[in-house]
Amino acid sequence: MEITNAITSFAALSQDTRLKAFRLLVSQEPDGLPAGEIARQLSVPHNTMSAHLSVLSRAGWVVSQRQSRQIIYRASLSHMEAVVQFLLQDCCAGHPELCASLVDHLSGCGVNKSGS
C-alpha cells in the first residue's frame with residue numbers, strides 16, 4: 001500500500017458516522033447489511049448514510065453487492081488487513097517482541113479464549 005492510499009483510507013474513517021458504520025459492518029461479517037439497516041442502526045438519514053457509504057467504498061473500506069432490490073454492504077477485510085500491514089510494515093525497528101502484545105490482541109479478534 002502506498003502512503004497516499006493509506007492517507008485516503010484514514011481520511012475516510014476520520015469521521016464519526018463512517019467509523020461507526022465500518023465497525024458495524026465488521027461486526028456483521030460475513031453477511032453484511034443493507035444500506036437502510038445501517039442507517040437505521042446508526043440513526044442517520046438514508047441519504048446521509050448513502051453519502052458516507054460512498055466515501056467508505058471509494059476508500060476501499062466497504063464493498064457492495066445488489067441483492068434483488070437492496071444493496072448489501074460488507075466490510076472489506078482485505079483492505080483492513082492491508083492497512084494494518086502498512087502500519088506494522090516497519091514494526092518496532094526489527095524488534096518484533098515489542099509488538100507482541102499488539103499481535104496477540106489482533107489474533108484474538110474478539111474471540112473468547114476461555115471457550116465459554
Side-chain angles (χ1 to χ4, degrees):
M1 172 173 281
E2 298 291 325
I3 196 161
T4 54
N5 296 14
I7 291 168
T8 299
S9 289
F10 294 131
L13 286 183
S14 67
Q15 195 279 341
D16 184 69
T17 301
R18 290 193 293 267
L19 182 56
K20 287 177 181 175
F22 179 72
R23 292 186 67 186
L24 174 63
L25 289 171
V26 168
S27 76
Q28 297 299 308
E29 279 299 308
D31 299 325
L33 287 172
E37 181 61 16
I38 299 167
R40 186 190 70 73
Q41 287 194 32
L42 298 180
S43 300
V44 175
H46 291 280
N47 60 339
T48 302
M49 191 73 253
S50 179
H52 286 307
L53 290 168
S54 181
V55 170
L56 290 171
S57 181
R58 282 192 306 273
W61 289 109
V62 300
V63 293
S64 61
Q65 181 178 13
R66 181 169 291 282
Q67 288 184 357
S68 73
R69 295 180 58 198
Q70 293 184 324
I71 298 177
I72 305 299
Y73 287 87
R74 294 185 56 228
S76 175
L77 299 180
S78 61
H79 183 75
M80 183 171 67
E81 180 182 349
V83 171
V84 170
Q85 284 181 354
F86 171 80
L87 289 173
L88 297 177
Q89 188 171 5
D90 301 316
C91 184
C92 306
H95 301 284
E97 67 278 4
L98 297 174
C99 296
S101 65
L102 173 62
V103 172
D104 287 345
H105 185 72
L106 289 174
S107 66
C109 235
V111 175
N112 185 344
K113 292 182 182 179
S114 68
S116 54

Practice item. Give the C-alpha distance, both sets of side-chain angles, the deciding distance and a yes or no for side chain to side chain contact (heavy atoms under 4.5 Å, CB included) between I38 and V44. Key: CA-CA 8 Å; I38 299 167; V44 175; over 6 Å; no
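- We find the OG-CD1 distance between S57 and I71 to be 10.0 Å, quoted to the nearest 0.5 Å.
- Residues in residues 62-81 take part in these salt bridge (charged side-chain N to carboxylate O under 4.0 Å, His left out) pairs, two or more places apart or across chains: E29-R74.
- The two residues L56 and A12 make their nearest non-hydrogen contact at CD2-O, 4.0 Å.
- Put simply, the side chain of L25 reaches to within 4.5 Å of the side chain of L33, judged on heavy atoms.
- The shortest side-chain heavy-atom distance between T48 and T17 does not fall under the 4.5 Å cut-off.
- Considering only heavy atoms from C-beta on, Q70 comes within 4.5 Å of I72 through its side chain.
- The minimum heavy-atom distance between F22 and S76, with the atom names listed, is CE1-N, 4.4 Å.
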Review point. So H46 and M49, side chain to side chain contact (heavy atoms under 4.5 Å, CB included) or not? Walk me through it.
Key: CA-CA 5 Å; H46 291 280; M49 191 73 253; 5.7 Å; no
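- For the pair H79 (side chain) and A59 (backbone), a donor-acceptor distance under 3.5 Å is present.
- In terms of modelled atom types and a separation under 3.5 Å, the side chain of S43 and the main chain of A39 share no donor-acceptor contact.
- Taking CD of Q28 as the reference point, atom CZ of R23 lies at 13.0 Å (rounded to 0.5 Å).
- The closest donor-acceptor contact from the side chain of W61 to the backbone of S9 lies under 3.5 Å.
- The shortest side-chain heavy-atom distance between Y73 and V63 does not fall under the 4.5 Å cut-off.
- Formation of a donor-acceptor pair under 3.5 Å by the S14 side chain with backbone atoms of A11 is found in this model.
- Inter-residue side-chain proximity for M1 and Q85 is flagged as unmet; no heavy-atom pair is nearer than 4.5 Å.
- Evaluated for a side chain to side chain contact (heavy atoms under 4.5 Å, CB included) with R18, the options V55, L42, L53, V62 yield exactly one hit, V55.
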